[in-house]
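We number each residue from 1, following the sequence as shown. No experiment lies behind these values; they were computed from the predicted model shown.
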Amino acid sequence: MNILILGNDSDAHAAHIKDALTQAGAEVDYLDTYLFPRQLRLSWQPDTLVGCLTLPGGRQLNFQDIHSVFWRNFSGVYVSPLKDANQQQVAFNDSMSTVRSLIQAGSARWINS
């Protein structure tokens with residue numbers, strides 16, 4: 001069972017949740033949206049909801065294999081600076097829309113408590 005924690009290891013609460021779930025036998029990874037699109041990758045076919053996440057370490061998770069996501073902290077996204085401010089805004093908006101689409105359209109159960 002694959003579980004994602006929205007956040008990263010610098011959040012003590014997220015780290016505690018990850019440790020507890022790992023000790024219970026679950027496969028747990030952080031989903032740090034701030035690393036998208038630079039280090040966190042997403043492949044997705046919206047019409048079939050088939051896709052995968054490639055985490056910063058290279059681990060790939062198919063969407064259908066993600067059981068649930070604990071949303072501790074949404075960090076937004078980070079787009080490397082561009083010379084053109086308009087292009088910067090478009091790139092940021094596109095990246096945010098992609099992450100929001102994943103959150104809204106995925107089949108994983110999203111929980112907060």
Side-chain angles (χ1 to χ4, degrees):
M1 167 181 13
N2 292 304
I3 299 173
L4 296 176
I5 298 174
L6 194 59
N8 59 50
D9 63 356
S10 67
D11 180 330
H13 187 207
H16 175 76
I17 296 283
K18 184 176 189 235
D19 289 343
L21 290 169
T22 300
Q23 288 179 14
E27 288 194 47
V28 185
D29 292 284
Y30 293 110
L31 176 59
D32 187 351
T33 59
Y34 190 73
L35 299 177
F36 184 80
R38 297 167 299 119
Q39 298 173 38
L40 176 66
R41 303 281 187 233
L42 171 67
S43 171
W44 184 37
Q45 295 175 307
D47 57 334
T48 62
L49 299 181
V50 172
C52 72
L53 288 171
T54 303
L55 301 174
R59 177 169 147 86
Q60 285 191 335
L61 292 174
N62 292 323
F63 289 168
Q64 67 267 19
D65 296 331
I66 300 170
H67 178 267
S68 56
V69 181
F70 178 77
W71 57 279
R72 170 64 184 150
N73 185 22
F74 179 68
S75 303
V77 298
Y78 177 77
V79 175
S80 298
L82 300 172
K83 292 179 183 179
D84 185 309
N86 290 327
Q87 288 181 351
Q88 177 78 30
Q89 190 62 47
V90 168
F92 177 81
N93 289 343
D94 285 352
S95 296
M96 283 296 290
S97 293
T98 302
V99 171
R100 286 184 180 131
S101 295
L102 168 66
I103 292 170
Q104 293 173 348
S107 62
R109 181 176 173 212
W110 288 75
I111 55 175
N112 179 265
S113 57

Subject >> Heavy-atom closest contact (R38 atom, S80 atom, distance) >> reply: CD-OG, 3.6 Å
Original post:
Are L31 and F36 side-chain neighbours, meaning at least one heavy-atom pair lies under 4.5 Å?
Top reply: no
Subject >> Euclidean distance, M96 CE relative to F74 CZ, rounded to 0.5 Å >> reply: 4.0 Å
Subject >> Nearest-0.5 Å distance, OG1 of residue T54 to CD of residue Q60 >> reply: 4.0 Å
Original post:
How many angstroms lie between atom CZ of F92 and atom CG of L82, to the nearest 0.5 angstrom?
Top reply: 12.5 Å
**OP:** Could you tell me which residues satisfy side-chain contact (heavy atoms from CB on, under 4.5 Å) with D9, sequence neighbours excluded, listed by chain and number?
**Re:** Y30
Original post:
Should we say atom CH2 of W71 is surrounded by more than 12 heavy atoms from elsewhere, each under 6.0 Å from it?
Top reply: no
Original post:
Is a side-chain donor or acceptor of S68 paired with a backbone partner of I3 at a separation under 3.5 angstrom?
Top reply: no
**OP:** Indicate the atoms forming the closest heavy-atom contact of P56 with L35, along with that distance.
**Re:** CG-CD1, 3.5 Å
Donor-acceptor contacts, no H, no angles, side chain residues 11-21, under 3.5 Å, sequence neighbours left out:
residue : atom : partner : partner atom : Å
D11     : OD1  : H13     : N            : 2.9
D11     : OD1  : A14     : N            : 3.2
D11     : OD1  : R72     : NE           : 3.3
D11     : OD2  : R72     : NE           : 2.9
H13     : ND1  : R72     : NE           : 3.3
H13     : ND1  : R72     : NH1          : 3.2

**OP:** Any chance you could lay out the side chain to side chain contact (heavy atoms under 4.5 Å, CB included) test for F70 and V28, step after step, and finish with the verdict?
**Re:** CA-CA 10 Å; F70 178 77; V28 185; over 6 Å; no
**OP:** Might you work through the side chain to side chain contact (heavy atoms under 4.5 Å, CB included) test for L40 and Y78, ending with a clear yes or no?
**Re:** CA-CA 11 Å; L40 176 66; Y78 177 77; over 6 Å; no
**OP:** State whether the side chain of N8 and the backbone N or O of D32 hold a donor-acceptor pair below 3.5 Å, judged by distance alone.
**Re:** no
Original post:
Partners of R109 by salt bridge (Lys or Arg N to Asp or Glu O under 4.0 Å), sequence neighbours excluded?
Top reply: none
Original post:
Can you name the closest pair of heavy atoms from L61 and R59 and give their distance?
Top reply: CD2-NH2, 3.3 Å
Original post:
Do you reckon V99 sits in the same ILVMFWY cluster as L42, going by side-chain contacts under 4.5 Å, direct or chained?
Top reply: yes
Subject >> Euclidean distance, I66 CD1 relative to L4 CG, rounded to 0.5 Å >> reply: 4.5 Å
Original post:
For W44 and S101, which heavy atoms make the closest approach, and how far apart are they?
Top reply: CZ3-CB, 3.3 Å
**OP:** Working to the nearest 0.5 Å, report the span between SG of C52 and CZ of F63.
**Re:** 7.0 Å
Subject >> Worked check of side chain to side chain contact (heavy atoms under 4.5 Å, CB included) between E27 and D65 >> reply: CA-CA 11 Å; E27 288 194 47; D65 296 331; over 6 Å; no
Subject >> Reported CG-to-CG distance for the pair L55 and D29, which is rounded to 0.5 angstrom >> reply: 5.0 Å
